[in-house]
Every structure is written in C-alpha cells, then in structure tokens.
There are 2 protein chains.
Amino acid sequence: MQNVNLDTLFELSEFFRIFGDTTRIRIIQLLMEHDVSVNDIADMLGLEQSVVSHQLRILRTANLVKPRREGRKMFYALDDEHIGEIFNTGLTHILHKKKGK
Amino acid sequence: MQNVNLDTLFELSEFFRIFGDTTRIRIIQLLMEHDVSVNDIADMLGLEQSVVSHQLRILRTANLVKPRREGRKMFYALDDEHIGEIFNTGLTHILHKKKGK
DNA sequence: TCGATATATGAACACATATTCATATTTTCA
DNA sequence: TGAAAATATGAATATGTGTTCATATATCGA
C-alpha cells in the first residue's frame, strides 16, 4: 500500500469533498468537454453568475480548475487529466449500481 | 461520453460527498485491508464508539460498506472493489500533487 | 474618459452535518 | 433470567457551507 499518514488522509477527504456538491460536479462535467467562460457556464447550467463565481473560486483554490483571461472574459479549464479520470471512476460506480437494481 | 442527466450528477456528487470526511475516509482505508468490528475501528482510529457507529450508518446507507454479524460483534467490510479503487485514484492524485511541489 | 460588459467578492441567511452525551437495543453466557 | 458486552440511536450543540443580494473590480470600445 502507498504511504498514507493522517495528514494525507485529511487532504484526500478535502479533495473528495470538492466533488461532493451538485453545482461543482456539474461545472466539472462541463469543463471535461472544453474550456468555458463564467457567464457561459452560468447560462448552460441555468445558474446565477454569482453562484458560478463562488464555486469556481472553491475549485480554483483546490487546484481543480485553472483560469485563463481572454479579453474581459475568463475561461476555466480542468487543471489536469486526473480530475476527469476521478469523475469517470465515480460515474462508472454509480451507473453500475443503477444497473444492478 | 456516458449518459449523464441531472439526476445522475446529483447522485454522483452525493457519492463523492461520503468520501469527503476525514473520519469516514479513515474508516474506509481501514476496511481496505480486511473486515473490522465497530469497537476495533474505534480503538484503531482513537475515536469514540458512538462516532464510529454514526459514520458507519452513513457509509451503510450509501452502500459503501456492509455489516456482518458474528456473535455480538458486527464486522464491517467494503461493499465492492470500486470503493477501494476510487480511494486509490484520489490518493494517487494527492500524492502526485505533493510531489510536484 | 465614460459607459457597458464580465467577473469577483463580501455579508447575511438558511440549512446541513459531525460530534458529544446519554440511553436504548441486541446478543451471549453464567 | 439477569448481567455484561457490543452496537445503535436520539437529541442537542457547534460549526461548516451554499446561495442570495448588493456591490466592487477589471477590461474593452466609442
């Protein structure tokens, strides 16, 4: 097994916590396709711009997404391939469970 | 991409939320090795029995663990291999990030 | 520079949730 | 059956967190 101390387990739970919100997981799924600007995220998900900005800050702080300025727009993208990979691993589990019923 | 509607995304976030707590992730890690009884979990993690029972209920309700009675002891085990897989995928990400610093 | 557009931020509020403490429930064994 | 051991549960409390609303900041074009 890999080296896991209490500190690492805490970070791990913090990391998973970020995925544990509907708004954030919807944003993550959207960004799996391609970069999207803040207002476009809000429009596509039917959310207020403020909600999106607040959640993007949480995602940014956790290094799950990274911003890129283009004129007065801000485009957000997933930070690395791991994010989508974890999303898909979880999704596979969910769909597998659903099938089982 | 796989079929994902709003409902599935909600379930997915709920699923990840379970991993998003230090106590629960510690229990999960413990159960990755082998089944453990409630009091043993409490002892090994230095937690109160009540805390462990409460969190086990959450894990049980979310189908992440399953109980097995043996005498007056209850042994808990991970529900399927996916749980450990997701744990490891997340852990790999964390350790990778740490290395990068 | 001024107005418009795009995004970020702060405070307030409502709600969810983890822990604690006390106690109930279940099972075993004498 | 009654006591002890193992686990579960409920209420209370404190803390965390997502959304809302208002407003600040930043950038571009006229």
Side-chain angles (χ1 to χ4, degrees), chain A residues 6 9-31 34-79, chain B residues 6 9-31 34-79:
Chain A
L6 233 170
L9 285 174
F10 177 70
E11 288 180 45
L12 185 55
S13 67
E14 268 196 319
F15 176 65
F16 279 126
R17 194 167 50 72
I18 307 293
F19 288 81
D21 175 81
T22 311
T23 301
R24 287 194 292 269
I25 207 99
R26 291 178 73 198
I27 293 176
I28 289 172
Q29 194 220 357
L30 207 58
L31 299 186
H34 47 72
D35 307 14
V36 189
S37 73
V38 178
N39 272 333
D40 282 351
I41 295 175
D43 288 346
M44 293 165 109
L45 300 184
L47 299 171
E48 292 191 18
Q49 175 267 323
S50 175
V51 167
V52 174
S53 258
H54 276 300
Q55 296 305 331
L56 280 174
R57 188 162 69 89
I58 293 175
L59 290 166
R60 206 189 324 131
T61 304
N63 287 309
L64 293 205
V65 303
K66 56 188 171 194
R68 165 177 55 87
R69 182 174 282 287
E70 198 162 302
R72 40 190 154 180
K73 288 192 174 179
M74 287 293 246
F75 284 84
Y76 279 84
L78 295 187
D79 188 76
Chain B
L6 232 170
L9 285 175
F10 177 69
E11 288 180 46
L12 185 56
S13 68
E14 267 197 320
F15 175 65
F16 279 126
R17 193 167 50 72
I18 307 294
F19 288 82
D21 175 83
T22 312
T23 301
R24 287 194 293 269
I25 207 98
R26 291 178 73 197
I27 294 176
I28 290 171
Q29 195 220 356
L30 208 58
L31 299 186
H34 47 72
D35 308 14
V36 189
S37 73
V38 178
N39 272 333
D40 282 351
I41 295 176
D43 288 346
M44 292 165 112
L45 300 183
L47 298 171
E48 292 192 17
Q49 175 267 323
S50 176
V51 167
V52 175
S53 259
H54 276 300
Q55 295 305 331
L56 280 174
R57 188 163 69 88
I58 293 175
L59 290 166
R60 206 189 324 130
T61 304
N63 288 309
L64 293 205
V65 303
K66 55 186 174 197
R68 166 177 57 86
R69 179 174 285 286
E70 198 162 300
R72 42 191 156 181
K73 289 191 176 182
M74 287 292 244
F75 284 83
Y76 279 84
L78 295 189
D79 187 78

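Everything numeric in this text was worked out from a predicted model, so none of it was measured. Here is how names work: the chains are called A, B, and so on, in the same order as the sequence lines, proteins then strands, and each is numbered from 1.
Set against C/dA18, D/dT17, C/dT17, the side chain of B/Ile58 has C/dA18 as its closest nucleotide. Which of C/dT9, C/dT20, D/dT9 sits closest to the side chain of B/Val51 comes down to C/dT20. Closest to the A/Thr23 side chain, of the nucleotides D/dG10, D/dT19, C/dA18, is D/dT19. Distance from the side chain of A/Lys73 is smallest for C/dT7 among the nucleotides C/dC29, C/dT7, D/dA8. Relative to the side chain of B/Ser53, the nucleotides D/dT9, D/dC21, C/dC29 differ in distance, and D/dT9 lies closest. Set against D/dC28, C/dT20, C/dA18, the side chain of B/Gln55 has C/dA18 as its closest nucleotide.
Residue A/Asn39 has a polar side-chain atom (N or O) positioned under 4.0 Å from OP1 or OP2 of C/dT7. B/Arg69 has no side-chain polar atom (N or O) that falls below the 4.0 Å cut-off from OP1 or OP2 of D/dA6. Proximity of B/Arg24 to the phosphate of C/dA18: a side-chain N or O atom is located under 4.0 Å from OP1 or OP2.
Of the two residues contacting DNA chain C, namely B/Glu70 and A/Ser50, the nearest-nucleotide position lying further toward the 5' end is that of A/Ser50.
Within the 3.5 Å criterion, the main-chain N or O of B/Gly71 finds a donor-acceptor partner in the side chain of B/Arg69.
At the heavy-atom level, A/Leu47 lies nowhere under 4.0 Å from the strands shown. Within the 4.0 angstrom heavy-atom criterion, only backbone atoms of the sugar-phosphate kind lie near A/Tyr76; the bases stay farther away.
Ring planes of A/Phe16 and B/Phe16: parallel class, angle under 30° (limits at 30 and 60°).
The distance between atom CZ of A/Arg72 and atom P of C/dA4, rounded to the nearest whole Å, is 12 Å. Straight-line distance from the CG atom of B/Asp21 to the P atom of C/dA16: 17 Å, rounded to whole Å. Between the CD1 atom of B/Ile27 and the P atom of D/dT7 there is a distance of 13 Å, rounded to whole Å.
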### Residues A/Asp21, B/Arg17; criterion salt bridge (charged side-chain N to carboxylate O under 4.0 Å, His left out); working and verdict
CA-CA 7 Å; A/Asp21 175 81; B/Arg17 193 167 50 72; over 6 Å; no
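The side-chain contact (heavy atoms from CB on, under 4.5 Å) test with B/Val36 singles out one residue from B/Val52, B/Ile27, B/Asp43, B/Ile41, and that residue is B/Ile41.
Here B/His54 packs flat against the base of D/dT9; its ring centre is closer than 5.5 angstrom to the base's six-membered ring, tilted by less than 30 degrees.
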